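Quick note on labels: first sequence line is chain A, next is B, and so on, each numbered from 1. Not measured: the values here are computed from a predicted model.
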Amino acid sequence: MIPQGSKNSRRKPDSTDKLTDGLFSGVLAIFIETGVSRKRLQVWQRRFEDLGGTILTAAANLLGRVDQIIILAAHEAALSKGINFDRLGSCPNLNFVQFRWVEECLKDGTLLSYEPFLLSASQDEHILSTDDSRLDAQSGPQSDQLYVTPALAIVPDGDLRACSEVVNEKRYDEVSEECTIDTKFKAICEDDMPDYNKHISRPLLELSEIYSDVLADEWRSLTYRKVANKLDRLPYQILSADEVKNIQGIGKSMVDKIKEILCTGQLQKLFNLKASSQVQIMQQFASVWGIGPKHALKLYQAGHRSLQDISEDQTLSPMARVGLKYHYDIALRIPQSEVSEAGSFVRHVLEDLCPGASIIVGGSYRRGNATCGDIDLLITHPDGHSHKGLLGRLVTKLEEAQFLITCPNPFTENITHKVNTYMGICKLPQYTHHRRIDIKIYPKQAYAFALVYFTGNDVLNRRIRYLAKKKGYKLSDQGLFLRVGDNKTGMASEVSIPCETEEEVFQKLGLPYPEPHERN
DNA sequence: AGGCCGTACTG
DNA sequence: CAGTACG
DNA sequence: GCCT
């Protein structure tokens, strides 16, 4: 009596196997961010890329491109706001398509015709507009605006309905109807949650950084950071320390510090530390990639007082030299769109080099953050062997393309083409800043574990690894291993418990599966 | 009192 | 080995 | 720093 394709077959063929080349492989798309909530946009973008699609940004140079490119937007009005038609006019293979097309493709499991979803752009006056404003200049700030613009607390019907559809589409596990709505409301609330407690979490986070950079106390640093994060996600403003004293992870001295902030508006301890010139200088030294608290102290004791000073120090590691050279750029946050574009850039090069290889942008990008500290790329090959020796060749190609920066120092040659890790600097031709980039390549059987690791965040990784240990396992980016001896000897089985997907990894640990955006 | 993640790389 | 880095 |  149950028709085929009913809710009993809730597991779509593609929904769990991200290695299988996706629905959207080879499809190039520009997502117009106007007129759609950030959350929905991210869900679509992630699904689209997970299934092999390539996302271009509106700022991408489309002139002379022969590829078929689709432009996805919420509605026609969004088209005119979100895109500069002067730039696109000369690109012949354009289709303007509703976001709904992506949803329907996902539901259907096949690539549908654009036809029913086409947006008419040709009627729009903007096409013929002679306005010569440069899109480069306006699209960056524009996409930033999207994130700082507070959305409505009460969501219009249409928005909520569409959100629910996305959730429905994603429910390859059982999700009841009311739960769906509930979850969606929650997600929306999170999206628009004000910074109720920043005035408290901020000093704690500063303390965390000083403990880590200057005082070399990893554990206090971690504790402060965890508490700061926890306060940031409280859905109410803390008015009294009583509201905080029962929170897991907040002990006596933390309560005292929160009290002090509530009473006096600041932390004396932090104030004193920040007043110390040694602390200031050491913190600046340690802000350089490749310089930690130990070396920062050494440099200070050697009499150095500025970055200028240490740049002449012969004891600097090659990594620190690179860190110093790009110190300014590295400190900048990277817009989501640029991270995405960097991923697409590498994806194209990789496709040429090693057809069938899969590449995913991990890190805070995959967790859906609006800006990222660096670019994390995760590569594998579904055939189980083509990944071998791939990194070296890829890095060479990317250096030839002048995407990866080949440094004159011994740094790149030394640290660089190791078996599975590249850590370095990159720059997209059309952008101005240099960015930190990490590329990792894993064999197929480690991919799910690597994806969990590379998605993070760091605190989540530590938590689930700790949990795994307590349950008699060892979890790493390479696998999940049964402990053989006791947990102290560190002995673990050679062979990992196989997992094909992230879902399986969490399931094996007895944890509910968190969506990437829930791993912050 | 003692743990708080597990790994890769450098020198 | 210690130090730094990655999530 | 917090937790057991």
Measuring to OP1 and OP2 of dC5(B), would you say a side-chain N or O of Arg462(A) lies under 4.0 angstrom away? yes

Does dC4(B) have OP1 or OP2 under 4.0 Å away from a side-chain N or O of Arg220(A)? no

Nearest-Å distance, NE2 (His295(A)) to C1' (dC9(B))? 17 Å

Once you apply a heavy-atom cut-off of 4.0 Å, does Lys269(A) come out as touching a base, just sugar-phosphate, or nothing? sugar-phosphate

Answer yes if the side chains of Tyr442(A) and Asn420(A) hold a donor-acceptor pair under 3.5 Å, and no otherwise. no

Within the 4.0 Å heavy-atom criterion, would you say Leu475(A) contacts the bases, only the backbone, or no part of the nucleic acid? sugar-phosphate

Could you tell me the separation between the CE atom of Met319(A) and the P atom of dA8(B), rounded to a whole number of Å? 15 Å

In whole Å, measure the gap between the P atoms of dT4(C) and dA1(B) for me. 29 Å

Name the closest nucleotide to the Ser476(A) side chain, picking from dC5(B), dG6(B), dC6(C). dG6(B)

Can you tell which of dG7(C), dG6(B), dC6(C) lies closest to the side chain of Met423(A)? dC6(C)

With the threshold set at 4.0 Å, does a side-chain nitrogen-carboxylate oxygen contact exist between Arg366(A) and Glu502(A)? yes

Whole-angstrom distance between dG2(B) and dG3(C), as gauged at atom C1': 23 Å

Quick one: list whatever passes side-chain hydrogen bond (donor to acceptor under 3.5 Å, both in side chains) with Asp458(A), sequence neighbours left out. Arg225(A)

Residue Asp438(A), side-chain heavy atoms: nucleotide from dG11(B), dG7(C), dT4(C) that is nearest: dG7(C)

P-based separation of dC2(D) from dG6(B) [nearest Å]: 23 Å

Mind checking if Asp217(A) touches a base, just sugar-phosphate, or nothing, with heavy atoms under 4.0 Å? nothing

Between Tyr431(A) and Glu341(A), is any side-chain donor less than 3.5 angstrom from a side-chain acceptor? yes

Applying a 4.0 Å non-hydrogen cut-off, can you work out what Arg519(A) is touching in the nucleic acid: base, sugar-phosphate, or nothing? nothing

Between dA5(C) (C1') and Tyr453(A) (OH): distance, integer Å: 8 Å

Across the strands shown, which category fits Glu218(A) at heavy-atom distances under 4.0 angstrom: base, sugar-phosphate, nothing? nothing

Looking at dG6(B), I'd like to know if its phosphate oxygens (OP1 or OP2) sit under 4.0 Å from a side-chain N or O belonging to Arg483(A). yes

I need the CH2-C1' distance between Trp289(A) and dG3(C), as an integer number of Å. 15 Å

Out of dC9(B), dC5(B), dG7(C), which nucleotide sits closest to the side chain of Thr421(A)? dC9(B)

Nucleotide interval of DNA chain D bounded by contacts with chain A (heavy-atom cut-off, under 4.0 Å): dG1(D) to dC3(D)

Length of the line joining Leu297(A):CG and dG3(C):C1', which is rounded to integer Å: 13 Å

Can you check whether Lys440(A) has a side-chain N or O nearer than 4.0 Å to OP1 or OP2 of dA8(B)? no

Side-chain H-bond candidate by donor/acceptor type, Thr421(A) with Lys440(A), under 3.5 Å: yes

Tyr473(A) and Phe481(A): CA distance, side-chain angles, deciding distance, ring pair (Phe, Tyr, Trp, His ring centres under 6.0 Å) verdict: CA-CA 5 Å; Tyr473(A) 297 99; Phe481(A) 308 88; 10.0 Å; no

Which residues pass the side-chain hydrogen bond (donor to acceptor under 3.5 Å, both in side chains) test with Asp438(A), not counting sequence neighbours? Arg436(A)

What residues in residues 249-268 of chain A put a non-hydrogen atom under 4.0 Å from any atom of DNA chain D? Gly249(A), Ile250(A), Gly251(A), Lys252(A), Ser253(A), Met254(A), Lys257(A)

Salt bridge (Lys or Arg N to Asp or Glu O under 4.0 Å): which pairs involve residues 261-279 of chain A, sequence neighbours left out? Glu206(A)-Lys274(A)

Regarding Thr380(A) and Ser358(A), do their side chains bring together a donor and an acceptor under 3.5 Å, going by distance alone? no

Scan Thr455(A) against the nucleic acid and name what it touches under 4.0 Å (heavy atoms): base, sugar-phosphate only, or nothing. sugar-phosphate

According to the salt bridge (Lys or Arg N to Asp or Glu O under 4.0 Å) rule, which pairs have a member within residues 239-258 of chain A, sequence neighbours left out? Asp242(A)-Lys245(A), Lys252(A)-Asp256(A)

Please report, rounded to the nearest Å, how far the C1' atom of dA2(C) is from the CD1 atom of Ile291(A). 16 Å

Is a side-chain donor-acceptor pair under 3.5 Å present for Asn197(A) with Asp232(A)? no

Take atom CD1 of Ile439(A) and atom P of dA5(C), then tell me their distance rounded to the nearest Å. 19 Å

Write down the distance between NZ (Lys474(A)) and C1' (dG6(B)), rounded to a whole number of angstrom. 8 Å

